[in-house]
2 protein chains.
Amino acid sequence: MQRVEALRADMFEEICPSTLLPFRIGGDKWAALVLRCLEDGPRRFSELRVPLARVSPKVLTQSLRTLERDGFVLRTQYDEPVRRVTYELTGLGRSLLEPMRLMCAWAEDHWDELLDARES
Amino acid sequence: MQRVEALRADMFEEICPSTLLPFRIGGDKWAALVLRCLEDGPRRFSELRVPLARVSPKVLTQSLRTLERDGFVLRTQYDEPVRRVTYELTGLGRSLLEPMRLMCAWAEDHWDELLDARES
DNA sequence: CGGCGCAGTTACCAATTGGGTACCGTGCAG
DNA sequence: CTGCACGGTACCCAATTGGTAACTGCGCCG
């Protein structure tokens with residue numbers, strides 16, 4: 001009944017030793033990962049916690065609040081008896097995905113050079 | 001006799017309320033500006049201080065050292081009797097300029113939306 | 001009634017970042 | 001001999017970031 005696939009717990013297992021990358025997207029450390037989680041549509045808080053298990057609820061909330069404040073994410077609270085909240089990309093947020101992909105492309109292209117530089 | 005134009009003191013006067021931008025390039029706050037100063041060729045420490053007058057020498061040194069460590073900038077010390085040091089972009093550093101320009105383009109395109117979001 | 005899932009919040013703590021001010025040694029120019 | 005430009009260091013401090021652990025209130029399930 002779900003419109004899109006669930007997020008996988010290992011979504012960020014292998015990628016992104018992100019300290020190597022000379023880019024940062026969004027205000028804080030986890031913003032880029034959150035944005036990627038929202039690519040396919042709205043997600044609930046607890047859905048986001050699955051791939052971002054390494055991030056404590058407090059920190060995830062912080063990240064989401066900042067993203068909301070800056071207009072990249074829309075938070076919606078449903079007043080069904082049982083509490084439900086979703087987060088989704090705004091137009092502005094979605095427009096960030098393309099630059100993000102370009103940066104990932106850059107990083108892939110220059111991966112070896114980055115590693116070389118760090119070793120010495 | 002200088003190969004390229006001097007850097008202007010007002011180079012960064014008007015632009016970049018950079019806290020608005022959802023991007024960060026390089027490890028620290030000033031890295032992006034330093035890279036832009038080196039676009040046209042090697043520069044001496046004191047040349048860099050002109051447009052970056054707001055940045056104390058200590059902080060500028062930090063920034064340059066990080067950029068050097070990460071392989072984006074090459075530091076060269078000349079053993080002429082009078083002390084001379086230059087900084088220039090490496091190939092890797094130069095390759096960062098293009099993504100930087102893309103991000104600036106993105107920022108210009110979405111400037112209004114960014115402002116709107118921040119106001120509310 | 002007990003406990004669980006949801007969507008957080010609160011209190012507290014440690015590390016990192018960012019920055020100011022002052023100072024240093026060398027080599028010239030006057 | 002004095003002083004200045006150069007390319008930084010040394011020392012200290014404040015703010016921000018990132019993080020843990022514990023707790024909250026609500027509704028539901030059994």
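These figures come from a predicted structure and were not determined experimentally. Proteins get letters first, then strands, A, B, ... in listed order; numbering begins at 1 in each.
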Next on the checklist: If you assign each of Val59(A) and Val82(A) to its closest nucleotide in DNA chain D, which residue comes earlier from the 5' end?
Outcome noted: Val59(A)
Checklist entry - With sugar-phosphate meaning primed atoms plus P, OP1 and OP2, does Arg49(B) contact a base, only sugar-phosphate, or nothing at under 4.0 Å between heavy atoms? => result nothing
Next on the checklist: Please report the distance, rounded to the nearest Å, between CG in Leu52(A) and P in dG8(C).
Outcome noted: 14 Å
Checklist entry - Are OP1 or OP2 of dT17(C) and a side-chain N or O of Trp30(B) less than 4.0 angstrom apart? => result no
Item to check | Donor-acceptor pair (no angle test) under 3.5 Å: Lys58(B) side chain, dG20(C) base | outcome: yes
Checklist entry - Which of the following nucleotides, dG8(D), dG19(C), dG7(D), is nearest to the side chain of Arg84(B)? => result dG7(D)
Checklist entry - Can you find a donor-acceptor pair, distance only, under 3.5 Å between Lys29(B) side chain and dG18(C) base? => result no
Item to check | Nearest-Å distance for atom pair CD/P, residues Gln62(A) and dT16(D) | outcome: 13 Å
Item to check | Aromatic plane relationship, Trp106(B) with Phe72(A) - under 30° parallel, 30 to 60° tilted, over 60° perpendicular | outcome: tilted
Checklist entry - Got a donor-acceptor contact below 3.5 angstrom from the Thr66(A) side chain to the Gln62(A) backbone? => result yes
Checklist entry - When all nucleic acid strands are considered with a 4.0 Å heavy-atom cut-off, which category describes Pro81(A): base, sugar-phosphate, or nothing? => result sugar-phosphate
Checklist entry - So what does Ser46(B) hit on the nucleic acid, given a heavy-atom distance under 4.0 Å: a base, only sugar-phosphate, or nothing? => result sugar-phosphate
Item to check | Atom-to-atom span, CD of Gln77(A) to C1' of dG25(D) - whole angstrom | outcome: 13 Å
Item to check | Protein-nucleotide distance (Leu48(A), atom CG; dG5(C), atom C1'), rounded to Å | outcome: 16 Å
Item to check | Residue pairs passing the side-chain hydrogen bond (donor to acceptor under 3.5 Å, both in side chains) test where at least one lies in residues 76-86 of chain A, sequence neighbours excluded | outcome: Arg75(A)-Gln77(A), Glu80(A)-Arg84(A)
Checklist entry - CZ of Arg24(A) versus C1' of dG18(D): gap in Å, rounded? => result 11 Å
Checklist entry - Within this structure, what is the CG-to-P distance between Asp28(B) and dT17(D), rounded to whole angstrom? => result 15 Å
Item to check | Integer-rounded Å distance: dC6(C) C1' and Glu80(A) CD | outcome: 12 Å
Checklist entry - Are side-chain heavy atoms of Val85(A) and Arg44(A) found at a separation under 4.5 Å? => result no
Next on the checklist: Treating Ser63(B) as the side-chain partner and Val59(B) as the backbone partner, does any N or O pair qualify as donor plus acceptor under 3.5 Å?
Outcome noted: no
Checklist entry - Would one find a side-chain N or O of Arg75(A) under 4.0 angstrom from OP1 or OP2 of dG8(C)? => result yes
Checklist entry - Which is true for Tyr78(A) with a 4.0 Å heavy-atom rule: it touches a base, it touches only sugar-phosphate, or it touches nothing? => result nothing
Checklist outcome for this item: From the candidates dG8(C), dG20(C), dG25(C), the one with an atom nearest any side-chain atom of Arg83(B) is dG25(C)
Checklist outcome for this item: Arg54(A) atom CZ is separated from dT20(D) atom P, nearest whole Å, by 12 Å
Item to check | Given dC12(C), dA7(C), dC6(D), the nucleotide with the shortest approach to the side chain of Arg44(B) | outcome: dC6(D)
